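Here is the structure we will look at.
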Amino acid sequence: MARDSGLAPIDDLVESSQPVRTALKRFTYVLLIGSAVGLIFIGKIETVVVEKIRANSSDITAPVVELLSAPVRLARAGADHLANFANLIEENKRLEEENTRLLQWRVFAKKLEAENQELKKLLRFDPGPDARFISARAISEIGGTFARAILINVGERRGIRTGLAVMTGEGVVGRVINVGEKSARVILLTDINSRTPVLVGEGRTRAILEGNNSDNPQIKFIDNGASVFPGDLILTSGHGGIYPPGLPVGVVAGEIDGKTMAQTFVDWRKIEFVRVVDLGEGEDPAKAGFSKRDG
Amino acid sequence: MAERRERFSAHTWLKVPATICAVWLAILFSTAPWSLAIANLAPAALAHCMVFYLSLRYPDALRPAGGFLVGLFLDVLTGTVFGLGTLTCIAMHFMASTQRRFLASRGIIHSWIGLAIASCAIAPLSWIIASLYAFSFQPWTPTLAQLALTAAIFPIVALITEVIVVILSVGEKNT
């Protein structure tokens, strides 16, 4: 009966085409998985092209992310306000104590600065070019399972270039690895691919700060096996020409499982505003002085 | 028959890009500065959950090519190995499609278990590829954290995805 109405042959056709459809579906997956593997190879070989694509896409997505993250920023600010409000009395007491201590340090710093200037004059010391700071906002965390990075809302238009150091008020955050017109990607010090030449402690011991995708990078290759102690200050050394010398990074945190770990000054959960340090085109950061000139 | 095919065709053409755009927006939202230790893992975890759920429950709304595009977006957006997000998303889509007959008609708990199994298969794969890519052993803790996060957020992501599907009116649930 059904065959008489002419529907059965279509049903038969559909039924008989099922294995073909399954095969086609499997072929689609094979094709797409092959394409994904191809993309991995392209990513390895054509890094410049991939970075260009990422930079351009960042320019497109940055305004959308900024818009979407507005409620998150608002909620975070609200939560911070509430937390601060709860600790207002304690915080005030702490700040008063800190202020007294800093005033004492200010007098000492002024004296040292004057002495430093005099000695520089005597030695005819050339401090090198002044650093220019470009302020930016961290608009998103774009790391991934095996990477730690942020997106900032300034790019080529504001003079950002690949390789520039990025800081918060506390210390070094990382460096620019990818620049679009209106946005830039910053690889964090904690990224597993990050290697930062540093000087540790009063003895200015050379070492390498190596990211490990955790909040506490590891201090490796300590010069001549010199000893470093918890609390020792870590500054960028300027070697390798990536970071200018003398930028504050953090302190030695101590040893964990035989590894010397660092405690960075930057709170990785609270990166909101950053400053990009520009020493000028073609300047070797290692030779440049780190005197401040906001721009 | 022709009318039915035409309606289906128009519907398909609308729902596929709408779903992909919604997933893209959700991934973008997940990159907001959340001030959480695991924030860098969120975009991939969210993408995997959404691809798995849509592939399982609404296969017409997110076809294999859609899963590919979601992964590609993840790769372009984040700083991870280029192509790895695409591969893991398409693998997630494939695994959901192979389990569809068994899981689609059952409750969210079964889907959750299915996702956890799929994630357990994908996590070592992504670790191996990332290690081969860098010519060095990558730390395995982020991979485990990624796996845990993906499994942990699945019910809430499934709920959000369901809401998105209802808003977009794109779903023809596969049961």
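Quick note on labels: first sequence line is chain A, next is B, and so on, each numbered from 1. Small disclaimer: the values here were computed from a predicted structure and weren't measured. All values below were derived from every heavy atom in this structure, side-chain atoms included, with hydrogens, water molecules and symmetry-related copies excluded.
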About how many Å separate [atom2] of [Y] and [atom1] of [X], when rounded to the nearest 0.5 Å?
X	Y	atom1	atom2	value
Thr86(B)	Ile40(A)	OG1	CD1	8.0 Å
Ile27(B)	Leu68(A)	CD1	CG	12.0 Å
Arg185(A)	Thr78(B)	CZ	OG1	7.5 Å
Asn213(A)	Thr141(B)	CG	OG1	8.0 Å
Leu77(B)	Ile60(A)	CG	CD1	11.5 Å

Which of Gly43(A), Ala75(A), Pro71(A), Ser35(A) touches chain B most, by non-hydrogen pairs under 4.5 Å
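Ranked by heavy-atom pairs under 4.5 Å with chain B, first place is Gly43(A).
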Among [options], which residue forms the greatest number of heavy-atom pairs with chain A at distances under 4.5 Å?
options	result
Thr80(B), Leu84(B), Thr88(B)	Thr80(B)
Phe68(B), Phe82(B), Trp127(B), Trp24(B)	Phe82(B)
Val81(B), Val76(B), Ile129(B)	Val76(B)
Ser136(B), Ala42(B), Ser126(B)	Ser126(B)
Ala134(B), Ala130(B), Gly71(B)	Ala130(B)

Which bit of [X] is near chain B, if near means a heavy-atom gap under 4.5 Å: side chain, backbone, both or neither?
X	answer
Ala149(A)	neither
Asn56(A)	neither
Ser214(A)	neither
Ser58(A)	neither
Arg54(A)	both

Counting only heavy atoms not in [X], do more than 12 sit closer than 6.0 Å to its [atom1] atom?
X	atom1	value
Arg269(A)	CZ	yes
Leu132(B)	CG	yes
Phe273(A)	CZ	yes

Considering all heavy atoms, the nearest Tyr133(B)-Lys44(A) contact
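Scanning both residues, the minimum pair turns out to be O-NZ, 2.5 Å.
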For Ala147(A) against Asn40(B), the heavy-atom pair lying closest together:
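That would be O-ND2, 3.6 Å.
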Determine the sole option in Leu39(A), Leu32(A), Ile33(A) for which the side-chain contact (heavy atoms from CB on, under 4.5 Å) test with Leu87(B) is passed.
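Option passing the side-chain contact (heavy atoms from CB on, under 4.5 Å) with Leu87(B): Ile33(A).
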Please work out whether the ring planes of His93(B) and Tyr29(A) are parallel, tilted or perpendicular, with thresholds of 30° and 60°.
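Tilted, since the angle between the ring planes falls between 30° and 60°.
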Would you indicate whether the side-chain heavy atoms of Leu25(B) and Val64(A) approach each other to under 4.5 Å?
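Val64(A) vs Leu25(B): side chains touch.
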